[in-house]
Amino acid sequence: MEVSGSIPLGSTRQKPPPRAIVRGFCFAIPTGTSRISEQRLDNRGSMSSGFIIGGFRLPARGHQHLIDFASSFCAGDIDVMMCTRPEDAIPGEVRLRWLTDFFGAKARIGRFHNSLPEDPAETPDFWQLWNHAILDFLGGRAPDFVFASESYGRRLAADLGARFVPVDPARDSVPISARRLTAGVSEHWDMLLPTARPSFLKRIAIIGPESCGKTTLARKLAATYRTVHVPEWARTYLENVDPAKCPDLADIELIGAGHAAAEDALARQANRAIFLDTDHICTAVWSRIALGEVPAFVDIEIRKRHYDLRLLLRDDVPFVPDILRYGGNDRQLRFDHFVSELEARSLPFIVVEGGWPERNARAMVAVEDIMTQPLAYRATG
């Protein structure tokens, strides 16, 4: 977007902010809004301070290049003004967390939330308002450099008394635009900022009684889709702590926390999809049958974690005993226990049954149907 006009550097008029476009994102620049991040004023250098402004509505590798370039150029003395609005598809606090988690100390990233007009054609004092808002955000100190990938950066730098530094305006270094990424997250997965990727994953949980093939299927599906699977953390814990002990409620709560941590950690390494070898439903079923109740923590995790697909494996294959299967030579849990738990919670599932070839084929069809659907943002709790 190319805009024209002049900005009086001393403007103090309190009017709605203007709009700009950074890497395809439109945002408003608010005035008088409260500062969300207080990190901006730390470690200010006497020279070579830099400034970036944007909506970052879908943080991408292009944004990473912009911020990395500016941070290197200014030795970390860079302020990033992220503007958010109530109607944003992805909440501002989520995007702020993605950026701060990824960039750490490379930049001071602050958020300004607003519901102000965006169209400069409807705002005669567009540039005056913009200038005022930016100086307010920067605590009254203009930057030495303005970094941008769009042509507006030249004008903005001149009005702030700074020098303009263009960063990959031709999209040659990072060949992706925000518009293309938004239209096809799966196709351009590697261009999505890594900290944002867990919120776009397809999540598939494989559940069912003991010894019905959950682990084998989870590994096979993960290998097929070139991604990771989340091993059954209860087994990891019990095998390495006290295999002979039957878990109590305190163990169940710890196992629930371990399941959650394992999923969250591996989601950052996943490629478009993540497969779980059991989930909190399995923990709840075991706890209810063996101990008569389910810890509140496990219930909370079930409510806040959403899956695109649950594959419920029927117990119609031979049972193989081991030390952690507390029913001896029989399954402790039955297929019907899982059906009752899922139906009581109104959670959808697909039954996988039959011999091993039939199970694999049915699971693959169900997963492929999910994977052909577009990847979209979803809150991860």
Student: Hey, could you give me the CZ/CZ distance between F275 and R219, rounded to the nearest 0.5 Å?
Tutor: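 Reported to 0.5 Å precision, the distance equals 15.0 Å.
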Student: Are Y307 and L313 connected, step by step, through hydrophobic side chains (Ile, Leu, Val, Met, Phe, Trp, Tyr) whose heavy atoms are closer than 4.5 Å?
Tutor: no
Student: If two hydrophobic side chains count as joined below 4.5 Å and joins carry through other members, does V365 share a cluster with W356?
Tutor: no
Student: For a side chain to side chain contact (heavy atoms under 4.5 Å, CB included) check, start with the C-alpha distance between W286 and L333, then their side-chain angles and the critical distance, and finish with the verdict.
Tutor: CA-CA 7 Å; W286 193 94; L333 306 179; 4.0 Å; yes
Student: Report the distance from atom CH2 of W233 to atom OG1 of T283, rounding to the nearest 0.5 Å.
Tutor: 10.5 Å
Student: Using the rule that two of Ile, Leu, Val, Met, Phe, Trp, Tyr join whenever any of their side-chain heavy atoms come within less than 4.5 Å, decide whether V185 and V94 are in one cluster.
Tutor: yes
Student: Test of understanding: with side-chain hydrogen bond (donor to acceptor under 3.5 Å, both in side chains), list the residues that count as partners of K106, not counting sequence neighbours.
Tutor: D68
Student: So do the side chains of S186 and F200 get within less than 4.5 Å of each other, counting heavy atoms only?
Tutor: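 S186 does not reach F200 side chain to side chain.
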Student: Out of curiosity, N360 CG to T216 OG1, how far, rounded to the nearest 0.5 Å?
Tutor: 8.5 Å
Student: For D190, is there any backbone N or O sitting under 3.5 Å from a side-chain donor or acceptor partner on R197?
Tutor: yes
Student: Evaluate the side-chain proximity of M81 to I52: yes if any heavy-atom separation is below 4.5 Å, no if none is.
Tutor: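 No, side chains not in contact.
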Student: Under 3.5 Å, side chain of D251 to main-chain N/O of D248, donor-acceptor pair present?
Tutor: yes
Student: Is the backbone of Y377 close enough, under 3.5 Å, to the side chain of S199 for a donor and an acceptor to pair up by distance?
Tutor: no
Student: If you define the side chain from C-beta out and look only at heavy atoms, does anything of C212 sit under 4.5 Å from R359?
Tutor: yes
Student: Stepwise, does the side chain to side chain donor-acceptor pair (under 3.5 Å) test hold for R111 with H113?
Tutor: CA-CA 6 Å; R111 175 193 172 200; H113 191 63; 3.1 Å; yes
Student: Would W130 and F126 count as a close aromatic pair, with their ring centres under 6.0 Å?
Tutor: yes
Student: Is the count of non-hydrogen atoms from other residues, nucleotides or ligands lying under 6.0 Å from R154 atom CZ greater than 12?
Tutor: no
Student: Roughly how far, to the nearest 0.5 Å, is the OG atom of S287 from the CD1 atom of I252?
Tutor: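 I252 CD1 to S287 OG: 5.0 Å, rounded to 0.5 Å.
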Student: Where is the tightest heavy-atom contact between I255 and A234, given as atom of each residue plus distance?
Tutor: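 Result for this residue pair: CG2-CB, 3.6 Å.
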Student: Keeping the roles fixed (side chain from D316, backbone from G354), state whether a donor-acceptor pair exists under 3.5 Å.
Tutor: yes
Student: Can you give me the closest heavy-atom contact between W127 and Y152, atom names plus distance?
Tutor: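 Looking at all heavy atoms of both residues, the closest pair is CH2-O, 4.4 Å.
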Student: Got a salt bridge between R235 and D277, using NZ or NE/NH1/NH2 to carboxylate O under 4.0 Å?
Tutor: no
Student: Tell me, with the steps shown, if T195 and D101 meet side chain to side chain donor-acceptor pair (under 3.5 Å).
Tutor: CA-CA 7 Å; T195 47; D101 284 355; over 6 Å; no
Student: Could you go through the side chain to side chain contact (heavy atoms under 4.5 Å, CB included) check for L375 and L192 one step at a time?
Tutor: CA-CA 12 Å; L375 299 180; L192 190 62; over 6 Å; no
Student: Looking only at non-hydrogen atoms, find the nearest pair between E239 and P243 and report the distance.
Tutor: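 That closest heavy-atom pairing would be O-CG, 3.4 Å.
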Student: Just so I know, are the side chains of D79 and P143 near enough to count as touching, which here means a heavy-atom distance under 4.5 Å?
Tutor: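 Not in contact.
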Student: Please check if L342 and V285 belong to a single hydrophobic cluster, counting links between Ile, Leu, Val, Met, Phe, Trp and Tyr side chain heavy atoms closer than 4.5 Å.
Tutor: yes
Student: As a test of understanding, state which of K304, H280, R345 forms a side chain to side chain donor-acceptor pair (under 3.5 Å) with D299.
Tutor: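 Of all the options given, the one that passes is R345.
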Student: Between F349 and L311, is the side chain to side chain contact (heavy atoms under 4.5 Å, CB included) condition met? List the steps.
Tutor: CA-CA 6 Å; F349 59 93; L311 297 175; over 6 Å; no
Student: Please determine if R171 and E150 form a salt bridge, counting it only when a charged side-chain N lies under 4.0 Å from a carboxylate O.
Tutor: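 Salt bridge between R171 and E150, a charged N being under 4.0 Å from a carboxylate O: yes.
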Student: Can you tell which of H337, E341, E293 makes a side chain to side chain donor-acceptor pair (under 3.5 Å) with R288?
Tutor: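 When H337, E341, E293 are each tested with R288, the side chain to side chain donor-acceptor pair (under 3.5 Å) holds only for E341.
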Student: Do any N or O atoms from the side chain of N240 and from the backbone of T236 form a donor-acceptor pair under 3.5 angstrom?
Tutor: yes
Student: Could you tell me whether a side-chain N or O of D168 sits under 3.5 Å from a main-chain N or O of V174, the two making a donor and an acceptor?
Tutor: yes
Student: Check whether D315 reaches the backbone of P209 with its side chain - one donor and one acceptor, N or O, closer than 3.5 Å.
Tutor: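 Not confirmed, D315 side chain does not pair with P209 backbone.
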Student: Do side-chain atoms of D125 reach the backbone of Q128 as a donor and acceptor pair under 3.5 angstrom?
Tutor: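 No; judged by distance alone, with no hydrogens or angles, the pair does not exist.
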Student: Using side-chain heavy atoms (C-beta onward) and a distance below 4.5 Å, is Q64 in contact with F103?
Tutor: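 A side-chain contact under 4.5 Å exists here.
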Student: Taking the side chain as C-beta and beyond, is there a heavy-atom pair between P247 and K245 under 4.5 Å?
Tutor: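 P247 does not reach K245 side chain to side chain.
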Student: Taking NZ, NE, NH1 and NH2 as the nitrogens, is one of them in R203 or E263 under 4.0 Å from a carboxylate oxygen of the other?
Tutor: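 Salt bridge present between R203 and E263.
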Student: Looking only at heavy atoms, what is the nearest atom pair of F338 and G208, with distance?
Tutor: CZ-O, 3.3 Å
Student: Find out whether the Lys NZ or Arg CZ of R95 is both under 6.0 angstrom from the six-membered ring centre of W98 and within 45° of the ring's axis.
Tutor: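 No - R95 does not lie over the ring of W98 by the 6.0 Å and 45° rule.
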Student: Just how far is it from atom CZ of R61 to atom CG of L66, taken to the nearest 0.5 Å?
Tutor: 14.5 Å
Student: For a side chain to side chain contact (heavy atoms under 4.5 Å, CB included) check, start with the C-alpha distance between V298 and E253, then their side-chain angles and the critical distance, and finish with the verdict.
Tutor: CA-CA 7 Å; V298 174; E253 186 159 343; 5.8 Å; no
Student: For a quick test of reading the model, state the closest non-hydrogen atom pair linking V80 to A107 and the distance between them.
Tutor: CG2-CB, 4.0 Å
Student: Please confirm whether the ring centroid of F145 lies under 6.0 Å from the ring centroid of F51.
Tutor: no
Student: Could you give the distance from CZ (R85) to CZ (R57), rounded to the nearest 0.5 Å?
Tutor: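 If we round to the nearest 0.5 Å, R85:CZ and R57:CZ are 7.0 Å apart.
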Student: Do M371 and V367 come close enough that some side-chain heavy atom pair is under 4.5 Å?
Tutor: yes
Student: Treating R310 as the side-chain partner and P348 as the backbone partner, does any N or O pair qualify as donor plus acceptor under 3.5 Å?
Tutor: no
Student: Distance-only, no hydrogens or angles: does the H259 side chain make a donor-acceptor pair with backbone N or O of G256 under 3.5 Å?
Tutor: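 Absent.
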Student: For A260 versus R305, what's the shortest heavy-atom pair and its separation?
Tutor: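 In this case the closest contact between A260 and R305 is CB-NH2, 3.1 Å.
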Student: Can you hop from L309 to L221 via hydrophobic side chains spaced under 4.5 Å?
Tutor: yes
Student: Between E232 and Y237, is there a side-chain donor-acceptor contact under 3.5 Å, judged purely by atom types and distance?
Tutor: no
Student: Indicate yes or no: at least one non-hydrogen side-chain atom of Q373 is less than 4.5 angstrom from one of D369.
Tutor: yes
